[in-house]
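Following: one structure in structure tokens, then a few remarks.
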Number of protein chains: 2
Amino acid sequence: MTSPTLSDVAQAAGVSYATADRVINNRGNVAAKSIAKVREAVEALGYVRNVAAANLSRSRVYRLAFLIPKGSNAFFNRIRDHIERTADHLSVERVTAEIIEVSAFAVAGLQDSIINLVQQDFDGVAIVGLQGKQLEEPLAALRARGVAVIGLVSDLPQEFRSAYIGIDNIVAGRTAARMVGMAHAGGSGSIQTFVGSMDARDHVERLQGFCEVIANDFPQITVCDPIMTKDDAAVLLSQTRAILADKPGTTALYNVGAGNSGLVRAMGAAPSKRPFCVVHELVVHSRQALQDGLIDLVIDQRPDVEISRAFTVLRALIDKRNLPPLPDLMPTIYVQDNLPADPLTDTMKAQDS
Amino acid sequence: MTSPTLSDVAQAAGVSYATADRVINNRGNVAAKSIAKVREAVEALGYVRNVAAANLSRSRVYRLAFLIPKGSNAFFNRIRDHIERTADHLSVERVTAEIIEVSAFAVAGLQDSIINLVQQDFDGVAIVGLQGKQLEEPLAALRARGVAVIGLVSDLPQEFRSAYIGIDNIVAGRTAARMVGMAHAGGSGSIQTFVGSMDARDHVERLQGFCEVIANDFPQITVCDPIMTKDDAAVLLSQTRAILADKPGTTALYNVGAGNSGLVRAMGAAPSKRPFCVVHELVVHSRQALQDGLIDLVIDQRPDVEISRAFTVLRALIDKRNLPPLPDLMPTIYVQDNLPADPLTDTMKAQDS
DNA sequence: GTCATTTTGATATACGTCAATCATTTTCTG
DNA sequence: CAGAAAATGATTGACGTATATCAAAATGAC
């Protein structure tokens with residue numbers, strides 16, 4: 001009934017507890033033969049380390065850090081909120097999480113932050129990453145100290161992190177395109193796209209996926225060149241107004257990046273039959289706009305799921321355990337009818353998406 | 001730095017460890033004054049019970065049971081698979097889950113199964129429920145024995161369970177309607193609906209939500225009376241064929257229930273411009289059909305998420321802990337582009353959805 | 001004030017693992 | 001075969017809680 005202990009394993013293997021322990025925690029100085037015997041006994045008895053006892057013994061605490069871009073971006077506010085809540089709840093299991101703010105989209109700043117990390121001894125770190133050779137060395141140093149490192153939302157150089165938690169942005173763009181295509185019901189149309197910056201990898205990927213699907217499966221629809229917005233709501237406001245006024249043939253709008261409050265404001269004053277609108281990330285503005293019927297779809301990456309997964313994965317990495325079966329993170333489609341009553345999106349005083 | 005132990009609390013409260021323990025585990029025979037002192041000390045120090053130590057001490061095991069309908073229904077196969085995998089992974093934390101099959105949609109059978117449950121001492125039970133006065137008494141008996149009871153996918157009588165984990169089916173129906181409406185791009189149309197049984201509460205609710213939205217927001221579209229299918233693929237095959245042949249004005253199909261392999265087969269032989277198709281639950285057939293472009297949308301309730309949440313909630317209930325912040329479960333919309341590469345839906349040898 | 005009752009204190013063991021120590025045995029080297 | 005090196009055994013004290021026991025003190029009833 002009760003599961004075997006390490007003593008049972010030692011006995012079954014015909015070695016002492018000390019030797020079994022040396023094998024299990026690979027402390028070295030064990031003959032190959034003994035290792036084999038212990039491994040077999042583990043198999044035979046189905047021994048699994050009692051994590052509760054282990055954690056108790058070494059009075060383990062999980063010190064985690066999250067590197068998140070500074071600023072009032074609504075999406076990252078949501079992320080920060082989720083981290084705090086999850087950490088709060090996980091305090092019972094001796095998990096602490098520290099949010100470290102880094103300047104947004106600046107490789108140099110991120111590099112500094114990672115270097116600082118090396119001193120403090122965290123057990124695991126989740127980083128909203130950037131691509132950049134300069135990050136490789138500090139990341140390697142971190143991991144050399146036994147710190148678990150994962151990329152969050154936006155990936156790090158692949159070789160230098162243990163996992164990436166986030167969506168595939170090409171898929172996100174394809175999904176948006178599929179929905180826009182459907183909404184044309186076989187008719188022709190013209191889509192205006194908005195992009196924050198062509199330097200942001202996620203933006204480029206979304207646009208790429210979007211164009212692929214439209215070109216392949218909806219050849220009667222054309223995609224106009226993207227308008228650059230710098231994720232600035234003011235730009236989106238004026239540009240959207242201009243399009244509504246000057247390009248009445250526009251059947252759909254797709255904003256790949258942030259700044260949706262501007263787009264929504266323009267929509268509020270749109271003529272009766274406005275274009276079909278798709279944006280990313282469910283935050284206060286986009287949520288409200290969906291409910292009010294000012295936009296039609298929100299493609300969301302479920303930051304709540306991402307955060308809870310980040311905690312799970314980091315802990316598993318730290319314990320050197322196997323990961324649970326985790327289904328891929330896929331972009332979620334929201335319409336006004338399947339909005340979650342998520343307190344986090346409601347209570348937020350954030351400026352923008 | 002290190003968190004306070006119960007001994008610290010006792011000391012701070014000016015009582016002995018024994019008394020502090022009596023308060024914490026409400027063992028009785030404690031003066032009101034002492035209780036107050038201990039409570040204050042707990043507050044002041046921010047004491048939280050070390051779950052690892054507690055579980056170790058009482059060599060806690062969580063014995064869980066899942067009552068799932070028998071049969072080869074692809075959706076419940078998926079559920080069963082997820083339960084096994086999750087249990088497997090949670091074995092490290094001394095969680096065991098037993099799947100108990102009950103005859104589908106039979107209140108009497110479910111009643112018997114619940115009565116049997118009372119004898120075996122499970123710590124928690126998740127039940128794919130039915131409504132019925134006959135269930136109330138055995139459920140009450142279960143809970144009287146200190147067993148945590150939750151409803152899964154389909155609810156139990158509200159007073160007799162601690163939580164319900166599943167989607168709101170009215171919302172699911174509304175979501176389907178929103179998508180179908182969009183796909184008409186303002187044009188008129190006629191939708192054929194399919195229902196397994198008007199006795200199944202989830203089916204009725206989905207249909208209700210669907211009709212609401214179409215009537216309110218898409219008045220130019222009509223919804224035909226539902227065809228009864230008993231979730232039988234053969235019925236769906238023949239009926240869909242008939243509609244494709246005899247009612248060319250049909251612009252969309254919506255199947256509220258199961259049996260989609262029939263619908264998909266009929267679609268495979270459909271004329272060039274087939275109606276827009278929406279079905280429920282992502283399983284082998286529906287997934288394949290999406291990829292092949294034979295149907296357009298799948299509304300899914302994410303059984304993987306439901307199951308993992310069931311485990312989380314049951315354990316929290318058993319430990320009498322607070323629940324983590326859990327966002328509502330909302331129906332998920334799949335198109336061919338945002339399909340998860342979920343091994344569970346792929347490897348399944350299930351017959352039907 | 002006595003006696004019964006309730007409340008408190010002091011203390012011990014078990015839970016399974018980690019980590020360390022020290023003595024002893026086995027294996028390797030030349 | 002001696003001596004060094006490697007491997008093993010035996011044992012112990014944390015870690016923080018649960019749970020039990022027994023004695024001692026405080027409280028209540030009359």
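Since we're looking at a predicted model, the values are computed, not measured. Lettering follows sequence order; numbering is per chain, from 1.
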So, do B/F76 and B/V128 sit near enough that their side-chain heavy atoms are less than 4.5 Å apart? yes

Residues in side chain to side chain donor-acceptor pair (under 3.5 Å) contact with B/Q111, at least two apart in sequence or another chain: none

For a quick check, with a 4.0 angstrom heavy-atom cut-off, what is the B/S/- contact string for nucleotides 4-16 of chain C, read 5' to 3'? ---SBBB---BBB

Who passes side chain to side chain donor-acceptor pair (under 3.5 Å) against A/E137, sequence neighbours left out? none

Applying salt bridge (Lys or Arg N to Asp or Glu O under 4.0 Å) as the test, list every pair that has at least one member in residues 16-29 of chain B; sequence neighbours left out. B/D21-B/R27

So what is the 5' to 3' dot-bracket string for DNA chain C, if pairs are Watson-Crick or G-U wobble with both distances under 3.5 Å, crossing pairs use [ ] and | means the partner sits on another strand? ||||||||||||||||||||||||||||||

Using distance only, find each side-chain donor-acceptor pair of residues 44-54 of chain B under 3.5 Å and give its atom names and separation, not counting sequence neighbours.
residue	atom	partner	partner atom	Å
B/R49	NH2	B/N25	OD1	2.7
B/N50	OD1	B/A52	N	3.0
B/N50	OD1	B/A53	N	3.0

Listing, residues 141-156 of chain B side-chain donor-acceptor contacts under 3.5 Å, not counting sequence neighbours, or none:
residue	atom	partner	partner atom	Å
B/R143	NH1	B/E159	O	3.1
B/R143	NH2	B/S162	OG	3.1
B/R145	NH1	B/V118	O	3.0
B/S154	OG	B/G129	O	3.0
B/D155	OD1	B/R161	NE	3.1
B/D155	OD2	B/R161	NH2	2.8

How would you give the extent of chain B contacts on DNA chain D, as first and last nucleotide 5' to 3' within a 4.0 Å heavy-atom cut-off? D/dG16 to D/dT19

How would you label the contact of A/N55 with the nucleic acid (heavy atoms, under 4.0 Å): base, sugar-phosphate, or nothing? nothing

Only pairs at least two apart or in different chains count here, so list each salt bridge (Lys or Arg N to Asp or Glu O under 4.0 Å) that has a residue in residues 28-48 of chain B. none

Partners passing ring pair (Phe, Tyr, Trp, His ring centres under 6.0 Å) against A/F311 (at least two apart in sequence or in another chain): A/F66

Among residues at least two apart in sequence or on other chains, which ones pass side chain to side chain donor-acceptor pair (under 3.5 Å) with B/E101? B/R80

Identify, with sequence neighbours excluded, every residue that meets side chain to side chain donor-acceptor pair (under 3.5 Å) alongside B/S16. B/T19

